[in-house]
Amino acid sequence: MPELPEVETIVHKLKSGLPVERGLPAYPPPVGHVITRAWTDWPRAAYPSADAIVKGLPGRRVESISRRGKYIVFVVGQDAILSYLLIHL
C-alpha cells in the first residue's frame, strides 16, 4: 500500500507526463485529453454502477488531476452522475 508522498509523486508524474515507474514508457499528460474507453475489473466497487462508468466516461475530457488522501482524483466534467473519477491506491 503506497504512502501519501508516493501518491503525490504519482499525481505529479501523471500531470507532467513522466513515467510513473522506472522502466515504463512515458505518456502524454492526460489533462485535456478525451477518454476513449473505460472498463472496471471490480464492478462491485464502482459507484453508481460499473455500467454507468463504462458507458459514461468515454467522450469526456480530463479537466484536472489531484490527490485527496490516497485517492487520485480525475475531474471529468460537471455532470450530476459522473463529475469525478476516483482511484484508490
Side-chain angles (χ1 to χ4, degrees):
M1 174 102 30
E3 297 299 324
L4 295 178
E6 294 166 319
V7 177
E8 185 64 36
T9 299
I10 291 170
V11 170
H12 170 73
K13 289 181 176 185
L14 282 170
K15 287 180 177 180
S16 64
L18 296 170
V20 175
E21 193 174 303
R22 189 174 299 182
L24 292 178
Y27 292 99
V31 175
H33 288 255
V34 174
I35 298 169
T36 57
R37 60 188 168 140
W39 73 93
T40 179
D41 292 331
W42 294 341
R44 291 187 299 164
Y47 178 82
S49 73
D51 192 46
I53 291 171
V54 170
K55 289 181 179 177
L57 275 178
R60 293 184 176 264
R61 185 174 307 278
V62 177
E63 296 176 8
S64 67
I65 302 173
S66 60
R67 178 187 67 82
R68 182 78 174 175
K70 288 193 176 185
Y71 290 94
I72 297 176
V73 181
F74 292 83
V75 177
V76 294
Q78 298 300 320
D79 190 308
I81 295 175
L82 278 175
S83 298
Y84 303 95
L85 174 63
L86 299 174
I87 298 176
H88 185 268
L89 296 180

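What you see below is based on every heavy atom in this structure, not just the backbone, and it leaves out hydrogens, waters and symmetry mates. In this chain, residues are counted from 1 in sequence order.
Between Ser66 atom OG and Tyr71 atom OH the span is 13.5 Å, to the nearest 0.5 Å. Remark: Arg60 CZ to Ser83 OG distance equals 7.0 Å, nearest 0.5 Å.
Counting heavy atoms from C-beta on, the side chains of Leu4 and Arg67 come closer than 4.5 Å. Within the 4.5 Å cutoff, no side-chain heavy atoms of Phe74 are placed close to those of Ile35.
Annotation for Gly17 and Pro29: closest pair N-CG, 3.8 Å, computed over non-hydrogen atoms. Taking all atoms of both residues into account, the shortest heavy-atom contact from Ile53 to Ala38 is O-CB, 4.3 Å. The two residues Gly69 and Val7 make their nearest non-hydrogen contact at O-CG1, 4.0 Å.
In His12, the NE2 atom is not crowded: 12 or fewer heavy atoms of neighbouring residues, nucleotides or ligands sit closer than 6.0 Å.
Of the residues Val11, Thr9, Ile10, the one that meets the side-chain contact (heavy atoms from CB on, under 4.5 Å) test with Lys13 is Thr9.
No continuous path of ILVMFWY side-chain contacts below 4.5 Å connects Val34 to Leu85, so the two sit in separate hydrophobic clusters. A chain of hydrophobic side-chain contacts below 4.5 Å, direct or via other Ile, Leu, Val, Met, Phe, Trp or Tyr residues, connects Val62 to Ile87. Under a hydrophobic clustering in which Ile, Leu, Val, Met, Phe, Trp and Tyr are joined whenever their side-chain heavy atoms come within less than 4.5 Å, directly or via other members, Val75 and Leu86 fall into the same cluster.
A search for salt bridge (Lys or Arg N to Asp or Glu O under 4.0 Å) contacts involving Lys55 returns Asp51, not counting sequence neighbours.
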